[in-house]
Amino acid sequence: MNRLSAPTSISVNILDRPIGGRGSRSTSEQTVSLSMFSYLYSEIVQYHQNRVDSISELERKLEATGYGVGLRVLELLTFRTKDYTRETSLMNMLQFVSTTAWKSLFGKAADSLERSIDHADEYMIVDYAPITSTFVSVPADFGGLSVDAYISGMIGGMLDGAGFPARVTAHSVALEDVVLPPRKEKAVFLVKFAASVLERDAHLS
Amino acid sequence: MSQAQSALLLVIVGRNEPLYEANLLASANNPTAAQLQQSETMTRQNYFVTHSALDLVEKAAFTTHSMYLRVVDKVNQQQVSAFLTAGHTKFMLLHGGHRHRHNEDTIRGFFQDLYELYVKVPLNPLRPYDSPIRSDNFNRRVRALANRYFA
């Protein structure tokens, strides 16, 4: 990262690098610049945009990009706790995603985690200011494109990796009474679990 | 096989395929002829035993929070210990036989250190997730780790 000089006699391998964890590195080393991320992300969106035929295909592409990140983040964050445990219950896993993972990725917990009233297999993670869409304005003719699909892909990757396969979609929902947050929309990540997951969870608890 | 022989076989299994395999009794750089011959005769049965324990790991996956699943299967005098990571990658270690009896804490320690090595590998963004690990460096380190714990 901040190593500019060439490594001396021994070549530096990823296996030599410390993996981080509680208090082992300063915050400045663990965080990346927001403007850099936004710039890079905008390039990712544009790259995919030129290679798809429809808006939903663009969202799938962004999801696929995030999916691999989710898988890696799951393993890394779990390792960093150093307690060598896995999440086995559905609620704990959702908590892990919406608080632990969210804090590590975005510096704050998700604004809320809700269970759908109509469908028992659906949960919603709500964030008022997701970094992937904060600096993006979607043109009106883009049919409700949600550029937060990248984050929904990450959620999907984390859940899938941990053995909770789910279909995760990102939606931008207009806020009716705009008070403090300057944004007119919030991002809702709709998590729909596979039937087998709910069955297993009911069986376990 | 008339009697169980010593074995120390590590297999890391991803979601679809084995990612890494190592016979930890053979030394990394220059296995002796005897070791080679021994490993050849044992290999088939050992692999069979290790892979047949995979189903038991799947079954145990949601019964405990702990990644370390202890001994999941016993065949003759050989035992299979397993460690299941957060991303459901399985570390399987076949051990037992005459010379190699290891207690649970040794194996737990080995798995936990192996986990640190394993976590770093997929962090390389250019490497497809869940693909076989062919890194020499990784191989060397795993063997060094095994030496530290089991020698």
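Keep in mind it's a predicted model, so treat the numbers as computed, not measured. Order of the sequence lines fixes the chain letters, A, B, ..., with proteins taken first and strands second; residue numbering starts at 1 for each chain.
Rounding to the nearest 0.5 Å gives a distance of 7.0 Å between CZ of B/Phe83 and OH of A/Tyr84. In this structure, the separation between NE2 on B/His88 and CG on A/Leu71 is 12.0 Å, given to the nearest 0.5 Å. B/Lys120 NZ to A/Glu75 CD: the interatomic distance, rounded to the nearest 0.5 Å, is 14.0 Å. Atom OG1 in B/Thr85 sits 8.5 Å away from atom CZ in A/Arg86 (nearest 0.5 Å).
Contact annotation for A/Phe96: neither backbone nor side-chain heavy atoms come within less than 4.5 Å of a heavy atom of chain B. Heavy atoms closer than 4.5 Å to chain A are found nowhere in B/Thr63, neither backbone nor side chain.
Surrounding NZ of B/Lys74 are at most 12 heavy atoms belonging to other residues, nucleotides or ligands under 6.0 Å away. Within 6.0 Å of atom CZ in B/Arg134, 12 or fewer heavy atoms from other residues, nucleotides or ligands are found, so the atom counts as exposed in its surroundings. Surrounding CZ of A/Phe37 are more than 12 heavy atoms belonging to other residues, nucleotides or ligands, all under 6.0 Å away.
The minimum heavy-atom distance linking A/Thr88 with B/His65 is given by the pair OG1-CE1, 3.2 Å. Across all their heavy atoms, A/Leu74 and B/Ala86 have their closest contact at CD2-O, 3.6 Å.
Per-residue heavy-atom pair counts under 4.5 Å with chain A were compared for B/Asn124, B/Leu123, B/Leu84, and the maximum is reached by B/Leu84.
Contact annotation for residues 107-116 of chain B against chain A (heavy-atom separation below 4.5 Å, listed by residue number): B/Gln112, B/Tyr115, B/Glu116.
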